[in-house]
Protein chains: 2
Amino acid sequence: MSVISVENKPVLQLLDDRSPDVRTEFLNNLAGYRLRQVSNAFMSDFAAAMTGTGMRPVQVSILSVVDENPGVRQGEIGRALGVARANMAPLMAELEGMKLLERIPDEADRRAVSVFLTKSGQAMLKNCKARIRAHEHRTLGRLTESERKTLLRLLNKI
Amino acid sequence: MSVISVENKPVLQLLDDRSPDVRTEFLNNLAGYRLRQVSNAFMSDFAAAMTGTGMRPVQVSILSVVDENPGVRQGEIGRALGVARANMAPLMAELEGMKLLERIPDEADRRAVSVFLTKSGQAMLKNCKARIRAHEHRTLGRLTESERKTLLRLLNKI
DNA sequence: TATTGTTATACTCTATAACTATA
DNA sequence: TATAGTTATAGAGTATAACAATA
């Protein structure tokens, strides 16, 4: 958290400034290690970008999935996001308690529930998306447009 | 875990197979989101690669830093790896208990300890490094050598 | 005063097992 | 039998505060 900048400065001051006398050559050349460092820095900046909204990253991702799939079943959201069923239950109850989404029993399959965004949920998602766009702009500020596309292409290829 | 392959198959079956009927367009175009997915998949494969050694990723990274910096102080390791001092204490005690490293009080600064790998620690690190090389080969199998270099370059630039 | 290392603690995320009600 | 959702629980990772010893 302390090494993350919210202004237009480097996202990662990790290996530039951190303990300059300590060698970390092996780790630095591991793609997986760098990926985790960068991913953690993104997550910290993402969480900071949500400050004031009361939303955590996983909550925003759920709203986004419901927005693009109105009426989607709870289990489907979890599968799409990689969140275990057992962990979806309290997450959904929390978002329902915040009046951001509604869970309506599915009449065809009475075990399941269909999920919809409320007006509040739509407004919250819109607010969060604007913050996320600013977050991406900050965190990818050092890359050209072409480099960003390359990065996404390589990540999608892995 | 269940979607991660340890053979020479795709590391990520995430958005290819997962809930094909659920749209996740907004999230898919966020670099931060894809970074996290890929990073998590790497971590899962990494952890799986360590099976049988009794080592977790953070423990291997500590051994690696001590190996490249014999006599380094405990706090320096934590700073280099982004692990808080408070969390380094039990980690180091654990590795010392496994006889993989030694902590020798620093005579110049008696608050500090200098850390060294034992013979066991050196052997363990060698074993883990071999597993990590195989892990990187698996996880980056879909990328050409040139693409791997580009990926590392872009990650380092962020 | 500041720093090294320690302890205690708490919060989030993740993972598993067992339960219900439906199918 | 299998599936949707729930509950309880446990583990790892991470964060802060307070402390003792030393600088």
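In what follows, chains are A, B, ... by sequence order, proteins preceding strands, each numbered from 1.
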Check your understanding: At under 4.0 Å between heavy atoms, what does A:A112 touch on the DNA or RNA strands: base, sugar-phosphate, or nothing?
Key ->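 The answer is sugar-phosphate, as A:A112 gets under 4.0 Å only of primed atoms, P, OP1 or OP2.
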
Taking only residues two or more places apart in sequence or in another chain, which ones pass salt bridge (Lys or Arg N to Asp or Glu O under 4.0 Å) with [X]?
X      : value
B:R111 : B:D109
B:K99  : none
B:R133 : none

Practice item. Take nucleotides 18-23 of chain D nucleotide by nucleotide from the 5' end and write B, S or -, depending on whether a protein heavy atom sits under 4.0 Å from the base, only from the sugar-phosphate, or from neither. Key: ---BBS

Point to revise | Distance-only donor-acceptor check, side chains A:R131 and A:N127, under 3.5 Å | key: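 Result is yes, a qualifying pair exists.
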
Gap between atoms [atom1] and [atom2], on [X] and [N] respectively (whole Å):
X     : N      : atom1 : atom2 : answer
B:F46 : D:dG13 : CZ    : C1'   : 15 Å
B:M88 : D:dG13 : CE    : P     : 13 Å
B:R79 : D:dT14 : CZ    : P     : 17 Å
A:I62 : D:dG5  : CD1   : C1'   : 14 Å
B:R85 : D:dA15 : CZ    : C1'   : 12 Å
B:M43 : C:dA15 : CE    : C1'   : 15 Å

Check your understanding: What residues join A:F116 in its hydrophobic cluster, counting side-chain heavy atom gaps under 4.5 Å, either direct or through other members?
Key ->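 Besides A:F116, the hydrophobic cluster comprises A:I104, listed by chain and residue number.
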
Review point. Does A:M43 sit in a hydrophobic cluster with other residues, and if so which ones, taking ILVMFWY side chains as linked at heavy-atom separations under 4.5 Å, directly or through other members?
Key: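 Members other than A:M43 - counting any ILVMFWY side chain reachable under 4.5 Å - there are none.
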
Between protein and nucleic acid, restricted to nucleotides 9-14 of chain C and to nitrogen or oxygen atoms under 3.5 Å apart, what atom pairs and distances do you find?
unit_1: C:dC13; atom_1: OP2; unit_2: A:R56; atom_2: NH1; d: 2.6

Review point. Is B:V65 reachable from A:F26 through a run of hydrophobic residues whose side-chain heavy atoms are each under 4.5 Å from the next?
Key: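 Both belong to a single hydrophobic cluster.
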
Review point. Which nucleotide, D:dT6, C:dT7, C:dT16, lies nearest any side-chain atom of A:R103?
Key: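 Shortest atom-to-atom distance from the side chain points to D:dT6.
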
If you look only at distance, which donor and acceptor atoms sit under 3.5 Å apart when one is on a side chain in residues 80-95 of chain A and the other is two or more places apart or in another chain?
unit_1: A:E94; atom_1: OE1; unit_2: A:R56; atom_2: NH2; d: 2.6
unit_1: A:E94; atom_1: OE1; unit_2: A:Q59; atom_2: NE2; d: 3.3
unit_1: A:E94; atom_1: OE2; unit_2: A:R56; atom_2: NH2; d: 2.9

Point to revise | Pair listing, side-chain hydrogen bond (donor to acceptor under 3.5 Å, both in side chains) test, anchored in residues 62-74 of chain B, at least two apart | key: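 The answer is B:Q74-B:R103.
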
Practice item. Between B:A86 and B:R73, just flag the one whose closest nucleotide in DNA chain C comes earlier from the 5' side. Key: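 First, find each residue's nearest nucleotide; the 5'-ward one identifies B:R73.
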
